[in-house]
Amino acid sequence: MSVIDPAAWAELEQTAGADFVGELVQTFLEEGPVMLQALRDSHAAGHADDFRRAAHSLKSNSLTFGALGLAAQARALEQGGLAAATQAALDELHDLWQDVVVALQERISNG
């Protein structure tokens, strides 16, 4: 299974245009680490609302690019809240993020 859903990617490129998609990807690559850190920080501080908000943002942005695995993990954390946020779940999310970064960079460089 591809890290980036080809149909979702094709639809995004058709709708937004390849140049704008490249800009969107760059923004996502910059904001993703901020969202991941917000998840860790809100988890450590026990701030459930901030945690859910960060998970929701990461989920929504991931779906935009067809990063379905990352979106599913972020959705699970959003729905499960702090109770679902084990260190293993956060580490898995980070690993999925790294895979998405590589896949998106490949897509925009081969664009």
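- The hydrophobic clustering, which links ILVMFWY residues whose side-chain heavy atoms are closer than 4.5 Å, places Leu82 and Leu90 together.
- Note on ring orientation: taking the six-membered ring where Trp is involved, the planes of Phe51 and His43 are tilted (angle from 30° to 60°).
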If you apply the rule side chain to side chain contact (heavy atoms under 4.5 Å, CB included), what do you find for Arg75 with Leu63, and how did you get there? CA-CA 10 Å; Arg75 178 183 295 113; Leu63 287 172; 3.9 Å; yes
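- Here OG of Ser62 is found 13.0 Å from CG of Asp5. Values are rounded to the nearest 0.5 Å.
- Atom CZ of Arg40 is separated from atom CD of Gln87 by 5.0 Å, given to the nearest 0.5 angstrom.
- Thr86 places a side-chain N or O within 3.5 Å of a backbone atom of Ala89 that can act as its donor or acceptor partner.
- Residues Leu39 and Ala55 come closest through the heavy atom pair CD2-N, 3.6 Å.
- Side-chain contact between Trp97 and Val102 is absent, with no heavy atoms from C-beta onward closer than 4.5 Å.
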Begin with the C-alpha distance, continue with both residues' side-chain angles, and end with the deciding distance and a verdict on side chain to side chain contact (heavy atoms under 4.5 Å, CB included) for Glu78 and Arg53. CA-CA 7 Å; Glu78 177 188 17; Arg53 214 174 355 265; over 6 Å; no
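- Around the CD atom of Glu11, the shell of radius 6.0 Å holds no more than 12 heavy atoms that belong to other residues, nucleotides or ligands.
- To the nearest 0.5 Å, the span separating CG on Asp19 from CG on Leu24 amounts to 11.0 Å.
- In terms of modelled atom types and a separation under 3.5 Å, the side chain of Ser60 and the main chain of Ser57 share no donor-acceptor contact.
- With a 4.5 Å cut-off on side-chain heavy atoms, Phe65 and Val100 do not count as touching.
- When all heavy atoms of Ala85 and Leu77 are compared, the pair lying nearest together is CA-CD2, 3.9 Å.
- A pairwise comparison of heavy atoms in Asp50 and Ser42 identifies CB-CB, 3.8 Å as the closest pair.
- Taking all atoms of both residues into account, the shortest heavy-atom contact from Ala8 to Gly66 is CB-CA, 3.6 Å.
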Go through the steps to decide whether Phe28 and Met35 satisfy the test side chain to side chain contact (heavy atoms under 4.5 Å, CB included), and finish with yes or no. CA-CA 10 Å; Phe28 184 54; Met35 288 183 260; 4.2 Å; yes
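- Between Trp9 atom CH2 and Ile108 atom CD1 the span is 7.0 Å, to the nearest 0.5 Å.
- Of the inter-residue distances, the one linking Arg107 atom CZ with Glu13 atom CD reads 7.5 Å to the nearest 0.5 angstrom.
- Hydrophobic clustering (ILVMFWY, side-chain heavy atoms < 4.5 Å, transitive): Leu12 and Phe20 are in one cluster.
- Interatomic distance, Leu70 CG to Leu58 CG, rounded to the nearest 0.5 Å: 4.5 Å.
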